[in-house]
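Written out below as structure tokens is the structure these notes cover.
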Amino acid sequence: MKVLNAIKASILDYCQQEFGIENNPNFLNISLTNPNFRSTGDYSFNFNGLRKFTTLDNTAFGEKLINESNFKLVIAEYDKGNFQIASAALKTGFINVKFSDLFWQIQLQEIAAKAQFTTHSKKAEKVLVEYGGPNTNKPLHIGHVRNMFLGFAMCEILKANGYKVIKANIYNDRGIAICKSMAAYIERSKGATPESTGIKGDHFVGDYYVLFGRIVEEQLRAIHHIPEDVANVYKHLGKEREVAEQETPIFQFAKELLLKWEAGEEQTVNLWKQMNAWVYEGFNQTYNNIGVDFEKNYYESETYKLGKSVITEGLEKKVFYKRADGAVAIDLTADGLDEKVLLRSDGTSIYITQDLGTAQLRYDEFAMDKMVYVVANEQDYHFKVLKLALQKLGKKWADGIYHLSYALVESPTGRFKSREGKTADADDLIAEVLRIAEEQTKALGKIDGFTNEQAEELYKTIGLGALKFFVLRVNPYKKIIFNPEESIDFHGHTGPYIQFAHARICAILRKAGAVEQKLKDAVALSNTERDLILMLSDYPNMLTTAAEKYDPSEVANYVYKLAQAYSKFYSEQPVLAAENEAEKKFRVLLSAQVARLINEGMKLLGIRVPEKM
RNA sequence: GGUUCGGUAGCUCAGUUGGAUAGAGCAACAGCCUUCUAAGCUGUGGGUCAUUGGUUCGAAUCCAAUCCGAAUCACCA
């Protein structure tokens, strides 16, 4: 808020003149008043940072600030009502300012008058956000779900901060993995298709990937005459799966397919296209279902040879060097990392080569100011190398690279493994969440007067709302323990709790008729009403923080707190049956704005809010 | 072993550019529906902020060491 900055400036100016203290904004900390002292103020100015340059004690120094600087004058400029300054707090180093009721009512009206909260203070910087990043040989799992929720929310948050956002997905659509599915398909499918079997395309292809693993086992049993009662073939052989499988005919076949694909052999390429097409159809259904989208798709098959020009550039600039064995590398030991190979000795690309090339490709295409990679924390090292390498090449735009690293989603017993039976499959998970939403909603008798279609819509809104909120409320770098039975809750710190607060406001607004944006008469505010307006006015601030920290959980927790305060207000104070017209109009306007910001905030998280539930 | 990231109530998490008496939710217990939707509200109990030391007016927050957990340290992706 403007007034806070003005107060800050007045104090800093005063301290510079009176005590010769450097005019440094960090010396004076402004924060919402600690809840324990809330009755004495809305905002607190912590002046310990300034006081330590003087020989005065807190109280004396604080009094000087209040009485000798322009402090009161500045506040009076913004707040013509009866603001209060708490003198009791001075001894601990705080000036607590409580603005007048009138001041807050004017704030509310200003918020209501704002058409949108998007801040366009800077030039519209362009940011490309990469998220999703699935392999095309198997269906999406819970890890992708966290990734996509995070990525989508991050994009929306950046947009709300005035950035021009490009949502990009990258498909790992080539390589040995998809060839394994293809090999198993050729061997065993008898021409089956998703249509003929009624199986969703990505699952269909994934099933052949799983089948490939079974064929490998069968063949190993045959080769080594392993009896049926030996459960674990690899343990029996004393070899890792990756090593053992290489001696099987089916693996050799898959490798052959990979070579044929690389050579562009028509039949193989056609099958590859066909199987990937099935997968994309399945993926698109899931994206649609969970409400995420992409504007630009990258395919590894099109970019995997990229990056050679960046390597050449690096060699020319002597940032990279050719080792004796012919591999191209970069020395990052000075940056606390190691020597890192960037190109194989046989001149072919590796993962990092591709990513260097793809980054350059994106810059050439979009000239973006920032690029965000939403990728799991397993790849922290990789992205450090990527960013450093590009920076050392003198590419200014590399400074804008940010790896939005997130931790894995784990089951209560540890890491999700598809073979443990515990389902980590995205589609299953979503179906389960919708089922719980339906069950709960019916049990509460909440769908009277709903058509079937509306009811289905509501289950989806609530179920997905619960899941998204569960994932997004947690800081990205913290791992999530997900227990399907217990994690999807609809009470307390959850998505549905917030949705419910919204629905209750909608019920009031339906009965209230038109919401008057201008309040004619001032009313006395309760503590909760004051808290609510204060939170509303903090929304733009929160938006900035969420973008700067690349952290959607900032938004999630803000919206939760807002809903929580509103629920308290709702139970304490009647809106429609307020004592007089002035109070009623005020409370209706307040309610409408709370609903609006709940809606806005949840939209940033990709969560819809119902009008009835 | 090196590096990085985590460790806050029984459980899941806020709070970490140093600030006042460390907060929510779940679970437990006790209340509140003739009044705008009880998926709600109110109250009670629950903490050596992993441990130890340091820095200073002040440390959950910064520094060092230690313990526990994870990731990474490929010419895999």
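Because only heavy atoms are used, hydrogens play no part in the values below, and waters and symmetry mates are left out as well, while side chains stay in.
Comparing B:G54 with B:C68, their C1' atoms are spaced 23 Å from each other, to the whole Å. For the P atoms, the distance from B:G18 to B:A59 is 13 Å, rounded to whole Å. Using P as the reference atom, B:A9 and B:A60 are 15 Å apart when rounded to the nearest Å. Taking the C1' atom of each, B:G7 and B:G47 are spaced 15 Å apart, rounded to whole Å. Straight-line distance between the C1' atoms of B:G6 and B:A50: roughly 12 Å, to the nearest whole Å. Comparing B:U17 with B:A28, their P atoms are spaced 36 Å from each other, to the whole Å. Taking atom C1' on both nucleotides, B:A39 is separated from B:G23 by 23 Å, rounded to a whole Å.
A donor-acceptor contact under 3.5 Å is formed by the side chain of A:N96 with the base of B:A20. Side-chain to base pairing of A:S571 with B:A38: no donor and acceptor N or O lie closer than 3.5 Å to each other. For B:U4, the base has no donor-acceptor partner in the side chain of A:K384 [N/O atoms by modelled type, under 3.5 angstrom]. Put simply, the side chain of A:N557 and the base of B:C13 share no donor and acceptor less than 3.5 Å apart. Side-chain atoms of A:S44 come within donor-acceptor range of the base of B:A20, with a qualifying N/O pair under 3.5 Å. Evaluation of atom-type donor-acceptor distances gives no pair under 3.5 Å for the side chain of A:S567 against the base of B:C41.
Between A:N36 and B:G23 there is a side-chain N or O to OP1 or OP2 distance below 4.0 Å. Applying the 4.0 Å criterion to OP1 and OP2 of B:G7, one finds that A:K478 has a side-chain N or O inside that range. Between B:G40 and A:H491, a contact under 4.0 Å exists linking OP1 or OP2 to a side-chain N or O. Considering only side-chain N and O atoms, A:R51 lies nowhere under 4.0 angstrom from the phosphate OP1 or OP2 of B:G19. Taking 4.0 angstrom as the limit, A:K612 places none of its side-chain polar atoms (N or O) nearer than this to OP1 or OP2 of B:U37. Checking the phosphate oxygens (OP1, OP2) of B:G6, no side-chain nitrogen or oxygen of A:N377 falls inside 4.0 Å. Distances shorter than 4.0 Å separate none of the side-chain N or O atoms of A:K91 from OP1 or OP2 on B:A20. For B:U37, the OP1/OP2 oxygens have a side-chain nitrogen or oxygen of A:K511 closer than 4.0 Å. The side chain of A:R174 contributes no N or O atom lying less than 4.0 Å from OP1 or OP2 of B:A77. An OP1 or OP2 oxygen of B:A77 is reached within less than 4.0 angstrom by no side-chain nitrogen or oxygen of A:Y381.
Under 4.0 Å is where a charged nitrogen must lie from a carboxylate oxygen, and between A:R435 and A:E438 no such pair does.
Between the C1' atom of B:A14 and the CD atom of A:Q564 lies a distance of 11 Å, rounded to the nearest Å. Between A:F500 atom CZ and B:A38 atom C1' the separation is 7 Å, expressed in whole Å. Atom-to-atom, CZ of A:F47 to P of B:G18 comes out at 18 Å; the value is rounded to the nearest Å. Across the protein-nucleic acid pair, A:D380 atom CG and B:U3 atom C1' stand 11 Å apart, rounded to whole Å. The CD1 atom of A:I481 sits 11 Å away from the C1' atom of B:C11 (whole-angstrom rounding). The nearest whole Å value for the distance from the NZ atom in A:K52 to the C1' atom in B:G58 is 10 Å. Whole-Å rounding puts the A:N172 CG to B:A77 P distance at 10 Å. Remark: C1' of B:C73 and CD of A:E378 are 14 Å apart, rounded to the nearest angstrom.
Among the heavy atoms of the strands lying under 4.0 Å from A:I350 are primed sugar atoms or P, OP1, OP2 only; no base atom is included. Note on A:N48: a base of the nucleic acid sits closer than 4.0 angstrom, heavy atoms only. Using a 4.0 Å heavy-atom distance criterion, A:A577 is classed as making no nucleic acid contact. Heavy atoms of A:V575 sit under 4.0 angstrom from at least one base atom. Within the 4.0 angstrom heavy-atom criterion, base atoms lie near A:T441. Contacts of A:E548 with the nucleic acid, taken as non-hydrogen atoms under 4.0 Å apart, are absent.
Both stacking criteria are satisfied for A:F94 over the base of B:A20: a centre-to-centre distance under 5.5 angstrom and an angle between ring planes under 30 degrees. Stacking between A:F37 and B:A20 is present: the aromatic ring centre lies within less than 5.5 angstrom of the base six-membered ring centre, and the two planes differ by under 30 degrees.
The backbone N or O of A:A244 lies less than 3.5 Å from no partner atom in the side chain of A:R241, so there is not a single donor-acceptor pair. Under a 3.5 Å cut-off, the side chain of A:T358 and the backbone N or O of A:Q354 do form a donor-acceptor pair.
With a glycosidic angle no more than 90° from 0, B:C33 adopts the syn conformation.
Between A:H382 and A:Y351, the ring planes are parallel. Angles under 30° get that label, and only those over 60° would be called perpendicular.
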Yes or no on ring pair (Phe, Tyr, Trp, His ring centres under 6.0 Å) for A:F61 and A:F19, after CA distance, side-chain angles and deciding distance?
-> CA-CA 11 Å; A:F61 184 73; A:F19 300 100; 5.5 Å; yes
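Here A:Y566 and A:F569 bring their ring centres to under 6.0 angstrom of each other.
At least one test fails for A:R473 against the ring of A:Y560: distance under 6.0 Å to the centre or angle within 45° of the axis.
In this structure, A:K8 places its NZ atom where more than 12 heavy-atom neighbours from other residues, nucleotides or ligands lie under 6.0 Å away.
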